Enquirer: 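Starting off with a structure, shown below.
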Amino acid sequence: MNAAAKRISRLINLTATPLLAVGLLAGAMQSANAGSLTVDIKGDVLDKGTVMLALYKKDDKWMGKATDGRVIPAKKGGVSVTFDDVPEGEYAISMYVDENNNGKLDANGIGIPIEPYAFSNDASGAFGPPSFAQAKFVVGKEKTTHVINLK
Amino acid sequence: MDRRAFFKSTGAAFAASALPLGALQSAAVHAQGISADKLEFDPTLTPLRGFHGQDVSCERAQIEGRIPDDLRGTFYRNGPGLFERGGMRYEHWFDGDGYVNAWKFTDQGVAHQARFVQTRKFIAEQQANVFLVPAFGTAITAKMPVRSNDDVNTANTSVVRLGDRLLAMWEGGSATALDPETLETRGLVTWAPELKSMPFSAHPKIEADGTFWNFGTFLGKMVLYHISASGTLLRHAVFDAPSGGMVHDFAVSQKHIVFVMPPIGIDIKALRDGKGIGQAMTWDANTSTKVLVVEKADFSRRRILELPAHMVFHFGNAWEENNIIRVDYVRSQNLSVFDEWMRKGMRGERTPSAQSHPAFLRIDLNRGRAELTHRNENVEFPRVDPRVVAKRNRSIFYPFAENQKDNSLNSVMRLDVDTGKTDRFSFGASALVEEHVFVPKRGSQREGEGYLIGVGFDLKRQQTFGTVFDGSNLAAGPMAIIRLPYWVPTCFHGNFHASNA
């Protein structure tokens, strides 16, 4: 488990509540055909709290245990994270801004998230998260940059 | 599958992102709207054509008759005002963007102004000139992320003054605050951090002292709001609803809050496949319409009674005496008005609507019984004198259909609930009328002393007009007709706010 994953594990108690945006993180896998992935998160709701980001590859259980992840302070204007040595393939991202740093995605009384969240492709679901297919993008051999727009 | 079951099935992670309204990026293909260019619109339905995003105003409307000297203030109304973008037209009347009208009654006459509510949806779609997000009754593939119900909030159902804010209300999400003078949009109203994006109905009940009650429902959950006259949240509660579908309006008595919940279900699979929520509604005639009675003093004290299946949109009032609550509303048989008549109307086809009748519910709290009776007039949009909200009322005011083969509303009626007598005026074949609201005469203390004001559409002139009736003598005809030099889209609901004398 890498440092980021350890920090997420401390931040969130995965067994306590289903209202968690970021799953358990395994160490990044190495591969000969690996490139780097940079995720640029843009939007005007990044001025407080912590960005919680989970990276899933195609074979992962989508919205379950993630391949990798990052916990980084939110920054006004936008944040950027880079994953090195990402094997080629299809990936998807779920992320949210933990504005009050309580380690979870807060929801209102009827279950609608009240902290900013997003998926890769800016995908959104109907009455639930979008599917992996809706959120997927391809990481190639070289550098890949993916932009997520938070509103 | 209900929402909780869905959460469980997804296991950990992002279960909270159950999105409320939406039909997004689905593989399933549904017809997306009506092609706008081929429609032959019935001229009696002109106001359902909608506008193309423009605001209108008229500094001095032409007045026939005389406006009473004590009728001063602003009559606010709201309704869906825009139905078409990029050659595509919404399929359902409820889909349009909120368009707030202000009829200002001053010593100089009557001025009219109408502006579109600048919701997030409206601003983005104005810029793109296509519909970008799913609508209530039209499946539209999302072209921008929809992450909360307020991303599809149209603020299109009613409008009321609360403190220094004007609230444009939808029912599936937050109210939108406007400037009461300019109608400029200020933004979404969040009553408390944990109530962000919660549903807030367009039918708050406001007692004579200003006490403001409202509710919201969404897929099996309900929220109740108790708000002060100045607009501060005093109490709220969230609990499981006894039935899952749409609840549009409610009633408040001296001690209780009453809901009548028709057997409407939501087909979650249809929603997830890309249908609009209005398209995913089901009617289960074999189950009951539930009556939910909540104690005002303690929202946790609730009881449920049952009635045979029937539909209700709008309530007049409720009051109680000796543990017997009386509630009046307008009942119809099922969802046909909503499913058929409104959809045809959006295509410009005038067809008969289903009948809807004054209904009277008697809830005996001692014996745990609910009984429903009804009259035969064909009515909608009941209102009472604002001074008797949650108290015993004698009169109910309705638009109604007199000698109309298609049941369209061409008349106004006052019903005396004690004697059963009615006082009516009909515009015959010359006009169709919208909701009419009661405005008390200044200085008067007696229920029914005042004016009944509303809006109509002159079929021949193809123009919108305002009406002022003597509330105690509708049969005498309007005291004043206020003519606008244009038509405006038909509104759903509104309220009068008296200016300070």
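Note on naming: letters A, B, ... go to the chains in the order of the sequence lines (proteins, then strands), and numbering restarts at 1 for each one. Values in this document were obtained by computation on a predicted structure and should not be read as measured data.
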Enquirer: For B:R120, enumerate each residue passing the salt bridge (Lys or Arg N to Asp or Glu O under 4.0 Å) test, keeping only those at least two apart in sequence or located in another chain.
Expert: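 In terms of salt bridge (Lys or Arg N to Asp or Glu O under 4.0 Å), with neighbours along the sequence ignored, B:R120 is linked to B:D151.
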Enquirer: With a cut-off of 6.0 Å (strictly less than), are more than 12 heavy atoms of other residues, nucleotides or ligands near CZ of B:R301?
Expert: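 Counting other residues, nucleotides and ligands, CZ of B:R301 stays at 12 neighbours or fewer.
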Enquirer: B:R147 and A:A118: which non-hydrogen atoms are nearest, and at how many Å?
Expert: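 Closest heavy-atom pair between B:R147 and A:A118: NH2-CB, 3.4 Å.
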Enquirer: Taking A:I114's backbone N and O only, do any of them form a donor-acceptor pair with B:K196's side chain (distance below 3.5 Å, no angle check)?
Expert: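 Side chain of B:K196 to backbone of A:I114, a donor-acceptor pair under 3.5 Å: yes, one is there.
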Enquirer: Apply salt bridge (Lys or Arg N to Asp or Glu O under 4.0 Å) to B:D339 and list each qualifying residue two or more places apart in sequence or on a separate chain.
Expert: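 Expected list: none.
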Enquirer: Rounded to the nearest 0.5 Å, what's the gap from CG on A:N108 to OG1 on B:T190? Could you check?
Expert: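 One gets 10.0 Å once the value is rounded to the nearest 0.5 Å.
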Enquirer: Considering residues, nucleotides and ligands other than B:K296, do more than 12 of their heavy atoms fall under 6.0 Å from its NZ?
Expert: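 Yes, because the 6.0 Å sphere around NZ of B:K296 holds more than 12 heavy atoms from other groups.
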Enquirer: Roughly how far apart are A:D122 CG and B:M144 CE, rounded to 0.5 Å?
Expert: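 It is 11.5 Å, given to the nearest 0.5 Å.
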